[in-house]
Amino acid sequence: MSEGLNPVRVRFAPSPTGYLHLGGARTALYDYLLAQKSGGQFVLRIEDTDRKRFIEGAEQDLMNSLRWLGLQWDEGPDIGGPYGPYRQSERKQIYQEYGEKLVEQGNAYYCFCTPERLVKVRAEKQSKKEPPHYDRTCRNIPLEEARKRIAAGEPHVLRFKTPMEGTTTVKDLLRGEITFENKTLDDYIIIKTDGWALYHLAAAVDDHLMKITHVIRGSEWLPTAPLHSMIHRAFGWEEPVWVHLSVFLKPSGKGKMSKREAAELSKDGYSIFVKDLDGLGYLPEAMVNWTALMGWSYDDHTEFFTMQDLIEKFSLEKLNPSPAAINFTKFDYFNKLHIKALSDAELAQRLKPFFEKAGIEAPIATLELVAPILKERITTLDDAVEMARFFFVDDITYMTERFPIEGCSKTETLVIGTKVEQALNSIEVWDTDHLDTSMRALMEQEGKEPRQFFGFLREVISGQRISPPLFESMQILGKAVVLQRLRNALSFIEEKVA
RNA sequence: GCCCCCAUCGUCUAGAGGACCAGGACGCAGCCCUUUCAAGGCUAAAACUGGAGUUCGAAUCUCCAUGGGGGCACCA
């Protein structure tokens, strides 16, 4: 539990090449939790050394999504901090200096091979069923000669000089020591022809300079972890604690989510992109709870967690190294749970935009009255519009096939309707108790079953087959509105129902 | 092809040698409650990948096999 005692510095280091998705969000969440729990710092660093893959607006999306989830960083490109700049594109010079240092120390060398030649080498190696690595042609060029060629303007990259014998052992917090045969490793390029550092160098340098204590990242980094360790060691730096999270698998459990499958999801009202979740009616609280539990657990029965709970209870030791399939049905469940946990006022506030989007004017005061009877029966905030629109819209659309009362004639329905009108009219105190007493008495007097009688009333006030509880709804609507709707319904039946 | 990781119900997981004929949750099925829909309650079906070891004893430790996943760019 050492991380609970010493403040950690963690970083979330996305590249601005797309929208924040589930996997990234979960990594950021764990970063945030660890920083909060330990009283340390959560750093946001943008890894944008590859200008070709840069996508306009991606950085903004990243920050918006992180904020929506409630994962506020302590240092980052927008707010600065003591170890900035926090955008790698603004640190080019730094990486070059450290690259040069590696050359001087004999840990890196200049390589003049052309991309074309590299492609050829790779193809040859592959046809010989060998690892498709660089053949190390330039590894033995004397430094003096290399410098002359550089001075003469020859294009070049910088490669890490990986030992050709022995082993490199990396310590992953979840998996223990992982040993790699050095001969299976490559002489990775760490600075490109254009002078920009690659992830391997940039991340190592930044993690050190920014005093990062724990690196939490996806397990796709495991194969290059020995390189990262070697870079730290070459500089004589203390390595951060490496924590490689399992990947998320698609719902079937077979493989990673592909672009095509991610698009398919929207048909079911789901998305792996955080930016879509708000509009779909999901709560950030639910998203946090759900993803926290994919790869981490607290005990054998606790499943509801607020952010505060998570900050208190999160621990790296309980992380699970095995891959997890994304289960959206469970996301729905957590969304229900967190909707129910919202106060009526809070739920009303969150519901408001969904009605607006549907072109329905829904006053907050009414939404607050509707909130308690709605919160038990909606899965997403979006569901509320369909279920509760009749509270805010007056022109109820009645359907002929829903009348007359089940098992009754048109005439009998109209007679009962008139009696309902009289009974309602005479109710002095318009609340659920009086409505219940009055209506139930009438129902029994008429010898009708609850499903016939109340079903009819439900239809009358809402035009819906499914609605929140009847008497609560009638109370909220108010006597005048209910009576008006009853009259409307009766004339509809009179005119349109056979 | 090579390297690395992982392995308990359909899914997320509890389990760190005896407390396990394996617990919880989602989902699914049935029942109860019920004016609809939910919610709630109860019940059911459902798993330790296989094989060798170690041990008095293994879901838990070791090895092998199998399966699944990830990686092998002048991307991150």
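Letters A, B, ... are given to chains in the order of the sequence lines, protein chains preceding strands, and every chain is numbered from 1.
Per the geometry, CG belonging to A:Leu249 stands 8 Å off P belonging to B:C12, to the nearest Å. What separates CG of A:Leu374 from P of B:C37 is a distance of 16 Å, to the nearest Å. Rounded to whole Å, the distance from OH on A:Tyr333 to P on B:A38 is 16 Å.
Place A:Trp290 and A:Pro14 on RNA chain B by their nearest nucleotides, and A:Trp290 ends up nearer the 5' end. In terms of position along RNA chain B, the nucleotide closest to A:Leu337 lies nearer the 5' end than the nucleotide closest to the other residue of the pair A:Asp186 and A:Leu337.
Contact between the side-chain N/O atoms of A:Ser297 and the OP1/OP2 oxygens of B:A14 is found at a separation under 4.0 Å. OP1 or OP2 of B:G71 sits under 4.0 Å from a side-chain N or O of A:Lys256. The phosphate of B:C72 (OP1 or OP2) has no side-chain N or O of A:Lys129 nearer than 4.0 angstrom. Residue A:Tyr199 places no side-chain N or O under 4.0 Å from the OP1 or OP2 atom of B:A76. For A:Lys192, a side-chain nitrogen or oxygen approaches OP1 or OP2 of B:C75 to under 4.0 Å. Taking only side-chain nitrogens and oxygens, A:Lys336 comes nearer than 4.0 Å to OP1 or OP2 of B:A39.
Rounded to a whole angstrom, the distance from the P atom of B:A25 to that of B:A73 is 47 Å. The P atoms of B:A59 and B:G53 are separated by 15 Å, rounded to the nearest whole Å. Rounded to whole Å, the separation between the P atoms of B:G30 and B:G71 comes to 42 Å. Nucleotides B:G68 and B:G57, compared at atom C1', are 31 Å apart to the nearest Å. Distance check on atom P: B:U36 versus B:C31 gives 15 Å, rounded to whole Å. Between the C1' atoms of B:C28 and B:G15, the separation comes to 25 Å (whole Å).
Between A:Asp207 and A:Arg45, at least one side-chain nitrogen of the basic residue sits less than 4.0 Å from a carboxylate oxygen of the acidic one, meeting the salt-bridge criterion. Taking 4.0 Å as the cut-off between side-chain N and carboxylate O, A:Arg117 and A:Asp135 count as a salt-bridged pair. Salt bridge status for A:Glu412 with A:Lys448: present, with a side-chain N to carboxylate O gap under 4.0 Å.
Annotation: proximity of residues 456-464 of chain A to RNA chain B (heavy atom, distance under 4.0 Å) is found for A:Arg458, numbered in ascending order. Against RNA chain B, the stretch residues 86-99 of chain A makes no heavy-atom approach under 4.0 Å. Using a 4.0 Å cutoff on non-hydrogen atoms, the parts of residues 377-386 of chain A near RNA chain B are A:Arg377, ordered by number.
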Q: Output, in order, the C-alpha distance, side-chain angles, deciding distance and verdict of side chain to side chain contact (heavy atoms under 4.5 Å, CB included) for A:Phe305 and A:Trp296.
A: CA-CA 12 Å; A:Phe305 293 91; A:Trp296 176 84; 4.1 Å; yes
Q) How far apart are the C-alpha atoms of A:Leu337 and A:Tyr333, what are their side-chain angles, what is the distance that settles it, and do they pass the side chain to side chain contact (heavy atoms under 4.5 Å, CB included) test? A) CA-CA 6 Å; A:Leu337 246 37; A:Tyr333 168 73; 3.6 Å; yes
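For A:Thr162, the side chain to side chain donor-acceptor pair (under 3.5 Å) test picks out no residue, with sequence neighbours left out.
Donor-acceptor pairing under 3.5 Å, judged by distance alone, is present between the side chain of A:Lys330 and the base of B:A25. One donor-acceptor pair, N or O on each side, does fall under 3.5 Å between the base of B:C74 and the side chain of A:Thr193.
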Identify every side-chain donor-acceptor pair in residues 221-228 of chain A under 3.5 Å, counting partners at least two apart or on other chains, and give the distances.
unit_1: A:Thr224; atom_1: OG1; unit_2: A:Trp221; atom_2: O; d: 3.3
unit_1: A:His228; atom_1: ND1; unit_2: A:Arg217; atom_2: NH2; d: 2.9
unit_1: A:His228; atom_1: ND1; unit_2: A:Thr224; atom_2: O; d: 3.3
unit_1: A:His228; atom_1: NE2; unit_2: A:His200; atom_2: ND1; d: 2.8

Indicate every side-chain donor-acceptor pair of residues 124-134 of chain A with a distance under 3.5 Å to a residue at least two apart or in another chain.
unit_1: A:Ser127; atom_1: OG; unit_2: A:Glu124; atom_2: O; d: 2.7
unit_1: A:Tyr134; atom_1: OH; unit_2: A:Thr137; atom_2: N; d: 3.4
unit_1: A:Tyr134; atom_1: OH; unit_2: A:Cys138; atom_2: N; d: 3.0

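Across all strands, A:Pro223 comes closer than 4.0 Å to base atoms (heavy-atom distances). Among the protein residues, A:Val157 comes within range of the nucleic acid bases, having at least one heavy atom under 4.0 Å from a base atom. Using a 4.0 Å heavy-atom distance criterion, A:Leu118 is classed as a base contact.
Among residues at least two apart or in separate chains, salt bridge (Lys or Arg N to Asp or Glu O under 4.0 Å) pairs with a member in residues 241-250 of chain A are A:Lys250-A:Glu261. Applying the side chain to side chain donor-acceptor pair (under 3.5 Å) test to residues at least two apart or on different chains, the pairs with a partner in residues 367-388 of chain A are A:Asp344-A:Lys375, A:Thr380-A:Asp383. Counting only residues at least two apart or in different chains, ring pair (Phe, Tyr, Trp, His ring centres under 6.0 Å) contacts with residues 162-183 of chain A are absent.
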Can you check nucleotides 5-9 of chain B for protein contacts, nitrogen or oxygen pairs under 3.5 Å, and list what you find?
unit_1: B:C5; atom_1: O2'; unit_2: A:Arg175; atom_2: NH1; d: 2.7

Under-3.5 Å N/O pairs linking protein and nucleotides 16-21 of chain B:
none

Please list, pair by pair, any protein nitrogen or oxygen found under 3.5 Å from a nitrogen or oxygen in nucleotides 63-65 of chain B.
none

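Closest heavy-atom contact between A:Ala325 and A:Pro251: CB-O, 3.9 Å.
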